[in-house]
Protein chains: 2
Amino acid sequence: MIDAPRRRTQEERREETRARLLRATVEALRDQGLTRLTTPDIARRAGVSRGALTYHFASREDLLVDSIAWLLDQATGGLRKLCDAYPAPTMPIEALVDYLWDMMASGLFQVTMEFLPEARHNAPFRERLLPVVREFHAALDASWTRLSAVAGIPQEEAQVSLNATMCLIRGMIAQNVLRNDPAYYEAMLGWWKRQLRGWLGQDAGAAAPLPPPILPAFVHAEPPRKRLVRDRARRQAGGG
Amino acid sequence: MIDAPRRRTQEERREETRARLLRATVEALRDQGLTRLTTPDIARRAGVSRGALTYHFASREDLLVDSIAWLLDQATGGLRKLCDAYPAPTMPIEALVDYLWDMMASGLFQVTMEFLPEARHNAPFRERLLPVVREFHAALDASWTRLSAVAGIPQEEAQVSLNATMCLIRGMIAQNVLRNDPAYYEAMLGWWKRQLRGWLGQDAGAAAPLPPPILPAFVHAEPPRKRLVRDRARRQAGGG
DNA sequence: AAAAACAAACACGCAAGTCTGTTCTTACCC
DNA sequence: GGGTAAGAACAGACTTGCGTGTTTGTTTTT
């Protein structure tokens, strides 16, 4: 027999629906991209009606902003947890770089690449994003400071080299879209780790256990084609 | 009196119109972004009719691909010219980094950020872009090799460090969208130049004359609002 | 009973692709 | 070499599809 849907408080209903929508939006953003991000799609993914969506979020843009904030919050939390995992001993720099890479490459920067262009051309949207992103950058800086403290490294040096690490990772992920060449990136990241260890004056360390990623793994699916490809969709007779 | 429009050959007409459309597309892409890139807009910018556009390019996507190829060709040419400018003496690494930064930040990577998400989610589009981008990457690698030769540096080392430079620059430009902080990037780039000079075993060099940028300077205008911002467009009574 | 939460139908705008008609070049012919 | 037919190049109207925001109606909780 099927349980009748348990009675929930209004707040429970509200928060669950909103949470489903936020997560669905981020996943759709990563898997389909911003241009293919439609409110009917999001509602379907979240398992709610479009009416529920429009009830909780007045516009698609509102939903977007809140979803991005949610994602960055998750990332901040993971980062904090990582730092907590290395209180007294020195954090192996390789583990840090690997963690940052996984965090960015598995979802965070994929999603960022989706909304950055919109932020560039849509001032109100950008303004709403700025405080959210500022908070994330502050969390990064705080992490670098904590790490430099436990490792006994000049804070200035840690800031610039670890922020540069983030930029390097961003650039690598961006390039990866049109240059899928794992060896290239592995070599570059390995080289970078060696440089970092030199700057920060560390010896080699063991690999570290990392907190789990925020989103489930992404498989490149490409479901129904939209818009931009209509002319390419003509099927050729024959051929398998 | 007004000159009657000079008689042009079909090829001249064709090439001029196509060139206007390619350039207009790239500029629109940079100034308005891919989501706001409409064929009526492009035609207007190019000073041709929409009919002319659709005559020369069967689809918006065709026009996009050709425009990107054109842009990357321009960049490749500039890079080659830069290398030619430093045949015998050692290229000052600062000049190289500055050139790459200007090239990427003034248009190339701005535009790239626009179409990367589309390439990620649109396989046919991506496949058409791959050979174009491969050629660009090959031109980069060739430049690194040439530079390493004149500078007497191990080629391997030059490849990885200069490709890393490109990735670093990409990441910085991406971050710049939501962290407009010139001092931050200047410091990072300066730090990076010092590191590079160390690896490549150079002394300080004078600033170099750089080839001109591909596109005219961009001023953030944000003309008519589209789509995503409709709800934000409500004007408040009063206020200046 | 009232309000919050949800559901679904409606209307508008817009851009891409298609199509039909017009102007400009070229090639051919006498 | 001038006139003309054919085709390239251009111009603009039309059609369709789709996604957003809106609105009106229903269920659930208070």
Under 4.0 Å between any heavy atoms, over every strand shown, what does A/Leu63 touch: base, sugar-phosphate, or nothing? Just pick one.
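Nothing: the residue A/Leu63, judged by heavy atoms under 4.0 Å, touches no strand.
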
Looking at every strand, decide which applies to B/Ile42 at a 4.0 Å heavy-atom threshold: base, sugar-phosphate, or nothing.
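Answer is nothing: B/Ile42 stays at 4.0 Å or more from every strand.
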
Taking C-beta and beyond as the side chain, do B/Leu34 and A/Thr35 meet within less than 4.5 Å on heavy atoms?
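A side-chain contact under 4.5 Å is absent here.
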
Nearest-angstrom distance from the residue atom [atom1] of [X] to [atom2] of [N]:
{"X": "B/Phe57", "N": "D/dC10", "atom1": "CZ", "atom2": "P", "value": "11 Å"}
{"X": "B/Arg18", "N": "D/dA9", "atom1": "CZ", "atom2": "P", "value": "9 Å"}
{"X": "B/Leu34", "N": "C/dA15", "atom1": "CG", "atom2": "C1'", "value": "13 Å"}
{"X": "B/Leu53", "N": "C/dA16", "atom1": "CG", "atom2": "P", "value": "9 Å"}
{"X": "A/Glu11", "N": "C/dA3", "atom1": "CD", "atom2": "C1'", "value": "16 Å"}
{"X": "B/Arg36", "N": "C/dC14", "atom1": "CZ", "atom2": "P", "value": "14 Å"}
{"X": "B/Arg13", "N": "C/dT26", "atom1": "CZ", "atom2": "P", "value": "9 Å"}
{"X": "B/Gln10", "N": "D/dG7", "atom1": "CD", "atom2": "P", "value": "13 Å"}

Can you identify which nucleotide, out of C/dC19, C/dA16, D/dT29, has its nearest atom closest to the B/Thr54 side chain?
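Among C/dC19, C/dA16, D/dT29, the one nearest the side chain of B/Thr54 is C/dC19.
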
Measure from the side chain of A/Arg50, starting at C-beta and using heavy atoms only, and say which of C/dC6, C/dG17, D/dT22 lies closest.
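Ranking C/dC6, C/dG17, D/dT22 by closest atom to the A/Arg50 side chain puts D/dT22 first.
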
Tell me whether the OP1 or OP2 atom of [N] has a side-chain N or O from [X] closer than 4.0 Å.
{"X": "B/Arg14", "N": "D/dA9", "result": "yes"}
{"X": "A/His56", "N": "C/dC6", "result": "yes"}
{"X": "A/Ser49", "N": "C/dA8", "result": "no"}
{"X": "B/Thr17", "N": "D/dC10", "result": "yes"}
{"X": "A/Tyr55", "N": "C/dC6", "result": "no"}
{"X": "B/Arg60", "N": "C/dA16", "result": "yes"}

Under 3.5 Å, is there a donor on one side chain and an acceptor on the other for A/Arg60 and A/Thr39?
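On atom types as modelled, these side chains do not qualify, holding no pair under 3.5 Å.
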
Distance only, no hydrogens: is a donor on one side chain within 3.5 Å (strictly under) of an acceptor on the other, for B/Gln159 and B/Thr145?
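The answer is yes; a qualifying pair exists.
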
Going by ring pair (Phe, Tyr, Trp, His ring centres under 6.0 Å), name the residues that satisfy it together with A/Trp144, two or more places apart in sequence or in a different chain.
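For A/Trp144, no residue satisfies ring pair (Phe, Tyr, Trp, His ring centres under 6.0 Å) once neighbours in sequence are set aside.
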
Strictly below 4.0 Å, N to O, side chains only: are B/Asp62 and B/Arg128 in salt-bridge contact?
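A salt bridge is present here (some side-chain N lies under 4.0 Å from a carboxylate O).
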
Presence of salt bridge, A/Asp141 and A/Arg134, under 4.0 angstrom:
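A/Asp141 and A/Arg134: not salt-bridged.
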
Minimum heavy-atom distance between B/Gln175 and A/Cys167, given as atom pair plus value:
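Heavy atoms only, the tightest pair is OE1-SG, 3.4 Å.
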
For DNA chain D, report each stem as range with range, ordered by first number, or say none. Use Watson-Crick or G-U wobble pairs under 3.5 Å, at least 3 in a row.
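Counting only runs of 3 or more consecutive pairs, the stems involving DNA chain D are C:1-30 with D:1-30.
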
Among all residues two or more places apart in sequence or in another chain, which pass the salt bridge (Lys or Arg N to Asp or Glu O under 4.0 Å) test with A/Arg44?
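Salt bridge (Lys or Arg N to Asp or Glu O under 4.0 Å) check on A/Arg44 returns A/Asp41.
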
